Undergrad: 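Dumping the structure here so I can ask a few things about it.
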There are 2 protein chains.
Amino acid sequence: MVNKKEAVLDNAFGALSSPVRRAMLSRLSQGEATVSELASAHEISLPGISKHVRVLENAGLIRREKRGREYHCRIKPAPMREAVAWLAQHQHFWEQQFDALDNFLAEGGADD
Amino acid sequence: MVNKKEAVLDNAFGALSSPVRRAMLSRLSQGEATVSELASAHEISLPGISKHVRVLENAGLIRREKRGREYHCRIKPAPMREAVAWLAQHQHFWEQQFDALDNFLAEGGADD
DNA sequence: ACTATAGTGAACCATATGGTTAACAAAAAA
DNA sequence: TTTTTTGTTAACCATATGGTTCACTATAGT
């Protein structure tokens, strides 16, 4: 193991980099859903959806549980915690930058 | 434009999904650095490093400025703000899950 | 004027990603 | 029991990603 936490973040941020998967997480943040329910919001074939669900599962962001013939998905928060923690750790510095940007813009600087 | 903010998030999270690029951002959060300085922390060829820097730049996360023969890089916080905002927007729900997980673990549940 | 340094760009390669269709398994419904 | 529904797996394709080497430009140093 070189660094397990790094890999967790790789997978978490990687999973978050797709709008389809972010939409799935948004949906799941409002409660459990089946794969078909997750699919209904997108114009992607079911196997395609299944792959996205698998990515989220492999990233540890969700859990998939077979119940009857349906697969019910729900959020598994632990790795998201890592992602939030990473951002929070750097947010202090970013906020300084935010402040500097705000000041710059307030003084009429170009936005870029 | 289907949804510009979505694309910003795609690129921001995508850039964050690489440990090399996260390390670069960590370094830059402590202050400006040249491409060579960013490279010194990794065993990757300079063209390889250049590509990572370009990814960060295209994601809008950093700015690259030529000064003499060196390229100085510094963090550009705006898109990071979007990423933080997205996570924050969902964090409420995740925190509920965190609490549920904490309770579950406190009751001796298996961690998985 | 020559040489060394910082960094880019192009071409190339291997692997990963994101989608498809087709075939299948298991559970539910008729 | 037959049929429908849910979802998976496998095979395939196109494009993207992450690395390399080689050639090059531009600036700095000698």
Side-chain angles (χ1 to χ4, degrees), chain A residues 2-3 6-28 31-74 79, chain B residues 2-3 6-28 31-74 79:
Chain A
V2 179
N3 191 339
E6 286 293 292
V8 169
L9 287 175
D10 294 356
N11 293 330
F13 283 126
L16 287 170
S17 73
S18 154
V20 172
R21 291 190 293 263
R22 283 199 305 279
M24 289 177 168
L25 288 173
S26 288
R27 169 64 188 78
L28 290 176
E32 192 177 277
T34 66
V35 171
S36 287
E37 284 166 354
L38 292 177
S40 67
H42 309 278
E43 301 204 326
I44 300 177
S45 67
L46 213 43
I49 293 291
S50 189
K51 280 197 190 181
H52 280 293
V53 171
R54 178 59 51 96
V55 169
L56 289 170
E57 191 182 26
N58 287 341
L61 293 175
I62 69 168
R63 172 187 302 228
R64 193 175 35 151
E65 183 187 345
K66 188 167 187 179
R67 207 179 303 159
R69 68 179 160 185
E70 296 174 334
Y71 283 75
H72 293 253
C73 305
R74 59 197 163 96
Chain B
V2 178
N3 191 338
E6 285 293 290
V8 169
L9 287 176
D10 293 356
N11 293 331
F13 283 126
L16 288 170
S17 73
S18 154
V20 172
R21 291 190 294 263
R22 283 199 305 279
M24 289 176 167
L25 288 173
S26 287
R27 168 64 187 79
L28 290 175
E32 191 176 279
T34 66
V35 171
S36 287
E37 283 165 355
L38 291 179
S40 66
H42 309 277
E43 301 205 327
I44 300 177
S45 66
L46 213 44
I49 292 291
S50 189
K51 280 196 188 180
H52 281 292
V53 171
R54 178 57 52 95
V55 170
L56 289 170
E57 191 181 26
N58 286 342
L61 293 176
I62 70 168
R63 171 187 301 229
R64 194 174 35 151
E65 185 187 343
K66 187 167 186 178
R67 207 178 302 158
R69 67 179 160 182
E70 296 174 334
Y71 283 76
H72 293 252
C73 305
R74 57 197 163 97

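In what follows, every chain begins at residue 1, and chains take the letters A, B, ... in the order their sequences are listed. Please read these numbers as outputs of a predicted model, since none were measured by experiment.
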Undergrad: Can you tell me if B:S17 uses its side chain to pair, donor with acceptor, with the backbone of B:G14 under 3.5 Å?
TA: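 Answer holds: yes.
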Undergrad: Using whole Å, report how far CZ of B:R54 lies from P of D:dT17.
TA: 14 Å
Undergrad: Kindly point out which of D:dT6, C:dG19, C:dT8 is positioned nearest to the side chain of B:S50?
TA: C:dT8
Undergrad: Quick one: on DNA chain C, does A:E43 or B:V53 contact a more 5' nucleotide (nearest heavy atom)?
TA: B:V53
Undergrad: Between the main-chain N or O of B:L38 and the side-chain N or O of B:R27, is there a donor-acceptor pair closer than 3.5 Å?
TA: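 Answer holds: no.
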Undergrad: Tabulate protein N/O versus nucleotide N/O from nucleotides 21-27 of chain C, keeping only pairs under 3.5 Å, one per line.
TA:
none

Undergrad: Between the main-chain N or O of B:L16 and the side-chain N or O of B:R22, is there a donor-acceptor pair closer than 3.5 Å?
TA: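 A pair under 3.5 Å: yes.
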Undergrad: Spell out, as yes or no, whether a donor-acceptor pair under 3.5 Å connects the side chain of B:R21 to the backbone of B:A15.
TA: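 Indeed, once roles are kept as given, a pair shorter than 3.5 Å links the two residues.
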Undergrad: Which whole-number value in Å describes the distance from B:E70 CD to D:dT27 P?
TA: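 To the nearest whole Å, that distance equals 13 Å.
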Undergrad: Check A:R54 with A:E57, please: is the shortest side-chain N to carboxylate O separation under 4.0 Å?
TA: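 The answer is yes: the pair qualifies as a salt bridge.
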Undergrad: Considering all heavy atoms of both residues, which atom of B:C73 and which atom of B:V53 are nearest to each other, and what is their separation?
TA: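 Shortest heavy-atom separation between B:C73 and B:V53 comes out as SG-CG1, 4.2 Å.
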Undergrad: Between B:R21 (CZ) and D:dG19 (C1'), how many Å, whole number?
TA: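 Rounding to the nearest Å, CZ of B:R21 and C1' of D:dG19 are 12 Å apart.
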Undergrad: Roughly how many Å is it from CD in B:E65 to P in D:dT27, rounded to a whole number?
TA: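 Rounded to whole Å, this separation is 14 Å.
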Undergrad: Could you tell me the separation between the CG atom of B:L38 and the P atom of C:dA6, rounded to a whole number of Å?
TA: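 My rounded result for the distance is 14 Å.
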Undergrad: Go nucleotide by nucleotide along DNA chain C from the 5' end; which of A:I44 and B:V35 gets its closest nucleotide reached first?
TA: B:V35
Undergrad: In whole Å, I'd like the distance from the CG atom of A:N11 to the P atom of C:dA16.
TA: 13 Å
Undergrad: Which nucleotide sits closest to the side chain of A:Y71: C:dT20, D:dG18, D:dT8?
TA: D:dT8
Undergrad: Check the distance between D:dT8's P and A:E57's CD and give it to me in whole angstrom.
TA: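 Roughly 9 Å, once rounded to whole Å.
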Undergrad: Starting from P on D:dA14, measure out to NZ on A:K51 and report it in whole angstrom.
TA: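 Atom NZ in A:K51 sits about 14 Å away from atom P in D:dA14.
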Undergrad: Between A:A23 and A:H42, which heavy-atom pair has the shortest distance, and what is it?
TA: CB-CE1, 3.7 Å
